[in-house]
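See below for the structure under consideration.
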Amino acid sequence: MLSEPRSGRLAAWGNALLAGLVSPDDAALAIVGEDTVHRVEGLPGESAQVGLTLALGRLRALGVTGLRVALPAPGHPLGLSGPPEFNARALEAEEAVVCFGAAFGLVPRVHEAGPAGDVHAEVVWQVLPVREAPPADVPSLGEAERELAEALRDATELLSKLDVAGSGPVAEAAIDAYRARAERGREVLAPGYPPRAVRVLELAQRVELLVSLAHDRGHGGAVSSSEMAARAQALRPVERTARRAQVAAYNSLVEERERGAR
């Protein structure tokens with residue numbers, strides 16, 4: 001997941017909107033990003049799909065004060081709290097947003113169309129009930145930063161062992177794309193997020209870049225199926241750490257607010 005997850009954009013800019021730090025139009029524009037349009041369905045009080053601006057306003061009226069990210073994977077319900085139906089849909093989408101202050105969650109359904117090189121995406125967020133409980137396996141920012149430092153070292157060592165250090169046009173393009181994002185550090189998260197959250201998210205994205213390089217550049221013709229399986233097994237905990245750190249960064253505003261309310 002080298003590109004920013006849609007759930008991350010929705011949570012980050014939704015949190016900035018709920019905090020009064022950005023306008024509804026600016027938040028909606030940032031959430032849509034390069035997609036064509038985002039709509040929301042299943043919103044209480046609405047019988048049809050509605051736009052993001054109306055949906056975020058309605059969620060606030062329903063008591064939502066913050067938005068958390070979930071990035072689950074098979075065997076790892078990261079950021080989820082149930083019930084099973086919501087968890088299953090979030091796992092299928094590989095991401096979701098969980099509301100804080102009211103028991104709702106949003107899962108994206110993406111429809112892509114258009115010829116190669118000109119594909120556009122339309123996104124519908126399905127609103128579903130969630131269980132009000134602590135999200136699964138989400139570390140603090142401090143924990144995530146410490147884990148990432150170790151994961152970055154492990155990923156770098158593994159790349160070296162696999163002889164897939166950044167070389168060739170595919171790897172160079174991936175590194176260039178990461179550097180372009182890193183230079184836009186101020187855009188990594190929405191207004192209101194602490195610098196540490198930005199730092200953790202950028203580092204998590206870098207770790208995921210290295211994992212992606214190991215996957216993409218490591219499957220040469222001389223690599224056996226058993227070696228490929230061993231490589232995937234070795235990369236799995238590194239990838240897991242990067243996902244946990246991303247969730248910690250996106251959720252940091254809500255976690256700080258929750259701690260302050262205790």
Side-chain angles (χ1 to χ4, degrees), residues 4-46 49-71 79 81 95-108 123-130 132-135 138-142 144 181 184-202 204-205 245-262:
E4 185 177 20
R6 291 181 173 89
S7 57
R9 294 202 307 267
L10 176 57
W13 288 90
N15 283 330
L17 174 62
L18 292 169
L21 299 175
V22 296
S23 71
D25 289 343
D26 286 344
L29 186 63
I31 293 167
V32 171
E34 296 181 358
D35 297 332
T36 303
V37 65
H38 283 217
R39 308 284 289 175
V40 180
E41 70 179 14
L43 195 65
E46 297 292 339
Q49 295 179 3
V50 300
L52 275 174
T53 302
L54 190 156
L56 289 169
R58 180 62 57 81
L59 287 172
R60 174 159 46 189
L62 290 168
V64 174
T65 58
L67 301 171
R68 288 185 172 112
V69 169
L71 296 178
S81 58
E95 61 178 315
V97 171
V98 180
C99 299
F100 178 70
F104 301 109
L106 299 93
V107 179
V123 182
V124 175
W125 294 90
Q126 175 70 47
V127 179
L128 298 164
V130 298
E132 293 185 286
V138 179
S140 69
L141 273 178
R181 287 198 303 273
R184 302 195 307 268
R186 69 178 69 89
E187 300 174 17
V188 170
L189 284 170
Y193 277 85
R196 189 177 201 178
V198 175
R199 185 169 66 246
V200 166
L201 183 56
E202 287 182 327
Q205 290 172 341
Q246 285 192 66
V247 172
Y250 286 121
N251 294 4
S252 58
L253 278 185
V254 177
E255 300 302 335
E256 286 183 2
R257 189 178 303 132
E258 187 175 11
R259 285 195 299 269
R262 292 172 184 168

Exercise for review: List the steps and the verdict of side-chain contact (heavy atoms from CB on, under 4.5 Å) for Gln49 and Val124.
Suggested key: CA-CA 8 Å; Gln49 295 179 3; Val124 175; 3.9 Å; yes
Point to revise | Rounded distance [0.5 Å steps], CZ in Arg9 versus CD in Glu4 | key: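 Between atom CZ of Arg9 and atom CD of Glu4 there are 6.0 Å.
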Check your understanding: Distance from Leu10 atom CG to Leu52 atom CG, nearest 0.5 Å?
Key ->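 So the CG of Leu10 and the CG of Leu52 are separated by 7.0 Å.
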Does any non-hydrogen side-chain atom of [Y] lie less than 4.5 Å from one of [X]?
| X | Y | answer |
| --- | --- | --- |
| Pro191 | Trp13 | yes |
| Pro5 | Leu71 | yes |
| Trp125 | Val107 | no |
| Gln246 | Val69 | no |
| Cys99 | Leu67 | yes |
| Pro194 | Ser252 | yes |
| Leu62 | Phe104 | yes |

Exercise for review: Among residues two or more places apart or on two chains, list those pairs meeting side chain to side chain donor-acceptor pair (under 3.5 Å) that have a residue in residues 188-200.
Suggested key: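 Found Asn15-Tyr193, Glu145-Arg196, Glu145-Arg199.
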Please tabulate, for the side chains in residues 18-30, all donor-acceptor contacts under 3.5 angstrom to protein atoms that are two or more places apart in sequence or on a different chain.
| unit_1 | atom_1 | unit_2 | atom_2 | d |
| --- | --- | --- | --- | --- |
| Ser23 | OG | Asp26 | N | 3.1 |
| Ser23 | OG | Asp26 | OD2 | 3.3 |

Exercise for review: Kindly determine whether Phe100 and Glu255 satisfy side-chain contact (heavy atoms from CB on, under 4.5 Å), including the steps that lead there.
Suggested key: CA-CA 10 Å; Phe100 178 70; Glu255 300 302 335; over 6 Å; no
Residue pair [X] / [Y]: nearest heavy atoms and the distance that separates them:
| X | Y | result |
| --- | --- | --- |
| Ser140 | Ala248 | O-CB, 4.2 Å |
| Val123 | Pro108 | CG1-CB, 4.0 Å |
| Val50 | Ala55 | CG2-CB, 4.0 Å |
| Ser81 | Ala133 | CB-O, 3.5 Å |
| Val97 | Ser7 | CG2-O, 3.5 Å |
| Ala12 | Ala190 | O-CB, 3.4 Å |

Review point. If only atom types and distance count, is the side chain of Arg68 paired as donor or acceptor with the main-chain N or O of Asn251 below 3.5 Å?
Key: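 No, Arg68 side chain to Asn251 backbone: no donor-acceptor pair under 3.5 Å.
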Check your understanding: Can any side-chain N or O of Glu95 pair as donor or acceptor with the backbone N or O of Arg6 at less than 3.5 Å?
Key ->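 Side chain of Glu95 to backbone of Arg6, a donor-acceptor pair under 3.5 Å: yes, one is there.
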Point to revise | Residue list, salt bridge (Lys or Arg N to Asp or Glu O under 4.0 Å) with Glu46, at least two apart or on another chain | key: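 Expected list: Arg58.
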Exercise for review: Would you sort out whether Val40 and Leu106 count as a side-chain contact (heavy atoms from CB on, under 4.5 Å), showing the intermediate values?
Suggested key: CA-CA 8 Å; Val40 180; Leu106 299 93; 4.3 Å; yes
Review point. Going through the checks in order, is the side-chain contact (heavy atoms from CB on, under 4.5 Å) test met by Ile31 and Leu56?
Key: CA-CA 11 Å; Ile31 293 167; Leu56 289 169; 4.0 Å; yes
